[in-house]
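Contents: one structure, followed by commentary.
Throughout, a chain's letter reflects where its sequence line sits, starting with A, and its residues are numbered from 1.
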Number of protein chains: 2
Amino acid sequence: MKLPHTVTLVDVGPRDGLQNEKQPVATEHKARLVSLLQDAGLKEIEVTSFVSPKWVPQMGDNTAVMAAIERRAGVRYSVLTPNMKGLESALPTKPDEIVVFAAASEAFSQKNINCSIAESIERFAPVVEMAHAAGLKVRGALSCAMGCPYEGDISADQVERVVLLMKDIGVDHMGVADTIGVGTPRKVQAAMERALKHYPLAEVSGHFHDTYGQALSNIYACLELGIHTFDASVAGLGGCPYAKGATGNVATEDVVFLLNGLGIETGIDLDKLVDAGAFISEVLGRPPVSRVARALLAKRQA
Amino acid sequence: MKLPHTVTLVDVGPRDGLQNEKQPVATEHKARLVSLLQDAGLKEIEVTSFVSPKWVPQMGDNTAVMAAIERRAGVRYSVLTPNMKGLESALPTKPDEIVVFAAASEAFSQKNINCSIAESIERFAPVVEMAHAAGLKVRGALSCAMGCPYEGDISADQVERVVLLMKDIGVDHMGVADTIGVGTPRKVQAAMERALKHYPLAEVSGHFHDTYGQALSNIYACLELGIHTFDASVAGLGGCPYAKGATGNVATEDVVFLLNGLGIETGIDLDKLVDAGAFISEVLGRPPVSRVARALLAKRQA
């Protein structure tokens, strides 16, 4: 089985990583994190989200963050937009891409956003339309694709149904997300294959949480299918609200170590990436969750 | 690619896991850990080592531990024996198997045991002979098979050379160990294929450290080769002396979660395994390193 030659990593640390942080992180520190990620070679960064500050106070400085980041040629900046209002606020900040979302689980959709999956996607239709009119690419984030905290197991059929609904409203890219980290390689491959029935290889990505330590084997399983775009979060930023004390997003450092070992190009300098993670970890006052970061930082001190 | 239907896990927590613990662990707690592992369904347990208590004070109660464990039918108990003196001390305690070892790295062998790889294996020849005469199986542990803290990268050729030397002295089983946790799937497969040239599938096993978070993807890569025996350490017990603060052996809980997800039988009850890990973690006064254990313990408290 041939693996891809190159992989694109989307660092979602500034958005998905920081959004669950209770302590406020200063706008300048968020902008600095984006700079350091760029220094490390990241070419896609999910910067912030335009949700109501009532829901996610941490992202209340979204416009300020977008103004503060130092934009570089060749780097793409995305923002999460939960609705039309979010998009309208996001547009003047000039993102390259927006992210819309839906759950693969009906129970999660109801509990999380008070409507059915179909309704939630329908509401995104005008958002996608306006984003396209503004020349922006639309990434879809399909959460709970392997399992749901309320419903338990999620089938590949359930995943495919939502993939089709998202495709119907014109979503350009399908990010399949194991929000609660319960997926394992063969289950992940089955879900990914459903996304690949409707989207080309370059427009399907994996988003894994390391709550149960399975993220890297799931990424490896995706590589075996040729998938070559993955979300990851520097330092492993991001908790999972359903498993207190457990880890959240897979750490970008850990993914880069895997890809380096497989001889797959990422354009990312692992040492500089560890620097970026060390910076934000110091801001947060705790060590990175990334095992690679911990091991390499310990080596530097040795 | 078809994966194995069943996998045997060897819990090395009581030996490889505890040996680097600075704080002394009471003999009764070690014996209790073995009991709990049996309760959870483990059928192979590496109980202790017969090294000089000057080197590893934690294992100084080896004979007492072997006397204290409650032996059950169908469970195999192994001990590490570094030399003839160790084997002579081990034999009266009636282990089922002994473990002998060598490094794939010449530099590591010299620094660690002051002799060449070939010399170290030659010294094990009478140990293997006497163990066989006593009806014991001999497992070989091939350390530093993916990389060495002194030498860096280790090639598959280097691995195969040591596999052959071990086979020459009659070692029955080849455990290929990524001692410093730097392996990634394709490199691991290349090393494993060399072991499989000289040993049958049932007599090759993988031993992975999670220092860089790569262990589960490496195990998945081994499963793709049909390998169906792995070492693991409950709660992720075991540090790596070369990466302070970094994690050591892959946690048995994490491996079981992976195998359960893949539909592979292990005979292990994950909840009871988490109990075993929680017990020893309480004895050590710190939470388990295992991500699965952390997530499941947090869920129990929720």
Side-chain angles (χ1 to χ4, degrees), chain A residues 1 3 146-147 149 153 180-189 209-221 223-224 236 240-247 250-251 253-264 270 287 289-302, chain B residues 1 3 146-147 149 153 180-189 209-221 223-224 236 240-247 250-251 253-264 270 287 289-302:
Chain A
M1 225 169 317
L3 303 181
M146 310 300 151
D153 189 57
I180 57 168
V182 295
T184 45
R186 293 292 162 109
K187 179 160 184 75
V188 166
Q189 288 179 334
H209 281 238
D210 218 8
T211 319
Y212 295 86
Q214 310 295 314
L216 288 190
S217 36
N218 291 336
I219 288 174
Y220 181 65
L223 294 170
E224 292 186 320
C240 174
Y242 308 102
K244 210 174 60 178
T247 59
V250 68
E253 298 93 318
D254 297 4
V255 182
V256 170
F257 191 98
L258 170 69
L259 297 172
N260 283 350
L262 294 170
I264 295 172
L270 183 54
V289 171
S290 160
R291 295 194 169 189
V292 166
R294 285 177 179 229
L296 294 181
L297 288 169
K299 261 186 151 177
R300 285 184 190 176
Q301 284 163 8
Chain B
M1 224 170 316
L3 303 179
M146 310 300 152
D153 189 58
I180 58 169
V182 295
T184 44
R186 293 293 161 108
K187 181 159 183 76
V188 165
Q189 288 179 334
H209 281 239
D210 218 9
T211 319
Y212 295 86
Q214 309 295 313
L216 289 191
S217 36
N218 292 336
I219 288 173
Y220 181 66
L223 293 171
E224 292 187 320
C240 173
Y242 308 102
K244 210 174 59 177
T247 59
V250 67
E253 297 91 321
D254 297 5
V255 182
V256 170
F257 191 98
L258 171 69
L259 297 171
N260 283 351
L262 294 169
I264 296 173
L270 182 54
V289 172
S290 159
R291 296 195 168 188
V292 167
R294 284 176 181 232
L296 293 182
L297 288 170
K299 262 187 152 179
R300 285 184 191 177
Q301 282 162 10

>> Going by the rule side chain to side chain donor-acceptor pair (under 3.5 Å), which residues pair with A:Ser290 if we only count those two or more places apart in sequence or in a different chain?
In response: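 So A:Ser290 forms a side chain to side chain donor-acceptor pair (under 3.5 Å) with A:Asp254.
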
> Which residues satisfy the side chain to side chain donor-acceptor pair (under 3.5 Å) test with A:Asp153, sequence neighbours excluded?
Replying inline: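 Partners of A:Asp153 by the side chain to side chain donor-acceptor pair (under 3.5 Å) criterion, ordered by chain and then number, come out as A:Lys187.
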
Relative to chain B, which segment of [X] carries a heavy atom at a distance below 4.5 Å: side chain, backbone, both, or neither?
X	answer
A:Glu253	neither
A:Val250	neither
A:Phe257	both

Measuring from atom [atom1] of [X] to atom [atom2] of [Y], what distance do you get when rounded to the nearest 0.5 angstrom?
X	Y	atom1	atom2	answer
A:Leu262	B:Thr184	CG	OG1	5.0 Å
A:His209	B:Arg291	NE2	CZ	12.5 Å
B:Glu224	A:Glu224	CD	CD	4.0 Å
B:Tyr220	A:Gln214	OH	CD	12.0 Å

> Which atom pair, heavy atoms only, marks the closest approach of B:Pro185 to A:Leu258?
Replying inline: CD-CD1, 3.4 Å

> What pair of heavy atoms forms the shortest contact from B:Leu216 to A:Gly213, and how long is it?
Replying inline: CD1-O, 3.2 Å

> Do B:Tyr212 and A:Arg294 have a side chain donor and acceptor closer than 3.5 Å?
Replying inline: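 Checked: B:Tyr212/A:Arg294 side chains show no N/O donor-acceptor pair below 3.5 Å.
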
